[in-house]
2 protein chains.
Amino acid sequence: MSALSGKKAAPARQTPVSESARAILDVAEELAQTRGYNGFSYADIAAKLGVTKASLHYHFASKAELGRALIARYQESFGGALDTIDQAPCTPPEKLRRYVELYDGVMRNDRMCLCGMLAAEYATLPAPMQKGLKAFFQLNQRWLSAVLEEGRKSASLAFSGTPGERAEVILGALEGAMLVARSYGNAARFHVAAQHVLEDLGVGRKSNPDGKGKRK
Amino acid sequence: MSALSGKKAAPARQTPVSESARAILDVAEELAQTRGYNGFSYADIAAKLGVTKASLHYHFASKAELGRALIARYQESFGGALDTIDQAPCTPPEKLRRYVELYDGVMRNDRMCLCGMLAAEYATLPAPMQKGLKAFFQLNQRWLSAVLEEGRKSASLAFSGTPGERAEVILGALEGAMLVARSYGNAARFHVAAQHVLEDLGVGRKSNPDGKGKRK
DNA sequence: GTCTATAGGTGGATAGAC
DNA sequence: GTCTATCCACCTATAGAC
């Protein structure tokens, strides 16, 4: 399964790593998304893969390096998904719906956004991972800002404040909904919350794909 | 300093613990709110207090017990703050403003909500702590639901969906804004995001305390 | 590339003196 | 209540054989 929902968004020349390294990253990613960076060890990964801890160090010399690679691959994968959305000829509301679907897919997988998870542990992370998190959130914020601006111009989206400010609200709302849903609710409750976030922007349901109609 | 912003909301008969236990909880709380449950150790607390690890075990036999007490005290403190808001004669919009101020205070203290932080590590926490988190989020959701329902009846708040659903959106948005702000932005950016969350409900700025005027 | 073996450190936790 | 001393499990990481 891909790093995100499962859709392979173009072959996407991922960071050139061996097949073994990819398998390690897959397991580490799942552990990081469910238990956090400080919540798993090389022993956990080794056990799941049926290898020894020492062999992991051959591919990733340190846990810090593994963590850095984890974020880099996630960002690449997520960025690819955003590119795919941009390449499809669709309206700003439809773009936002697809954006939310990315998060929906993660939740249905019983995980939460890798970077949202790691953001909680920010103060304990090595500097390269901290930089990676900032870059990931900026990537999201930039993409959302562009979509919001386009939507405002075409009157297909309605919101107060600047596109940049609103992008931050949306990003926070989705990350937070995942965070809370994992302990308090579930994937279905996340979906409901996410739909309300879309509604607030004037994005209708799928039965209204042009997004012109607002409810409330 | 109190568990929250700093306002002492009534003497609030906190869980009956010794002065030493209180000091331990204070330090542990700060560490948990900045580094997470898996991001600090008894050694960290002992160092900050100038005592030995062994003496900590006298007050809290296990880290799991310390974590449980941490959440219990936080919930008690937070619940007290909500009671204080309810006892003051103010409108639903004003109640929400004060609710957001609680979170603002936490952020200005360079922390994030204890339970939002621990929610990320949910899968790694002992069962009593998991139950505590659920209870905290339910407390928030119930309180917000009641305020939203009251606001809808008096037409001082406007929102789509049920009060319960909207409460979840608000809670997630605030928790997520804190989460993201700590790595990507700062307390000031959290404040901006939180104000937009209020605006979306038709809550105006302080210059308009009755909350009747909505913008955009 | 993967293994065995181990180093060196830190985690939570306990026994028993004071 | 707090200390010293210690236990043992686990952590990341390395050396060197295969």
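We name chains A, B, ... by the order of the sequence lines, and we start the count at 1 in each one.
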What pairs of nitrogen or oxygen atoms, one from the protein and one from nucleotides 12-16 of chain D, lie under 3.5 Å apart?
from   : atom 1 : to    : atom 2 : distance (Å)
D:dT12 : OP1    : A:K63 : NZ     : 3.3
D:dT12 : OP2    : A:Y42 : N      : 3.0
D:dA13 : OP2    : A:K63 : N      : 2.7
D:dA13 : N7     : A:H57 : NE2    : 3.3

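- Taking atom CD1 of residue A:I24 and atom C1' of nucleotide C:dT2, one finds them 11 Å apart after rounding to whole Å.
- No donor-acceptor contact under 3.5 angstrom links the side chains of B:N38 and A:Y37, judged on distance only.
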Run the side chain to side chain donor-acceptor pair (under 3.5 Å) test on B:R166 and B:S160 for me, step by step, so that the C-alpha distance in whole Å, both residues' side-chain angles and the decisive distance to 0.1 Å come before the verdict.
CA-CA 7 Å; B:R166 181 55 53 170; B:S160 65; 3.1 Å; yes
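- Proximity of A:S55 to the phosphate of C:dG1: no side-chain N or O atom is located under 4.0 Å from OP1 or OP2.
- Rounding to whole angstrom units, CG of residue A:L49 and P of C:dC3 are separated by 10 Å.
- Seen from the ring of A:Y122, A:K134 does not count as a face-on cation partner, given the 6.0 Å and 45° thresholds.
- Checking the phosphate oxygens (OP1, OP2) of C:dG1, a side-chain nitrogen or oxygen of A:Y58 falls inside 4.0 Å.
- Residue A:T34 forms a side-chain contact (heavy atoms from CB on, under 4.5 Å) with just one option from A:M112, A:M117, A:R111, and that option is A:R111.
- Residues satisfying the side-chain hydrogen bond (donor to acceptor under 3.5 Å, both in side chains) criterion with A:H59, sequence neighbours excluded, are absent altogether.
- Taking a cutoff of 4.0 Å between a charged side-chain nitrogen and a carboxylate oxygen, A:R152 and A:E149 do not qualify as a salt bridge.
- Residue A:S20 has a polar side-chain atom (N or O) positioned under 4.0 Å from OP1 or OP2 of C:dT2.
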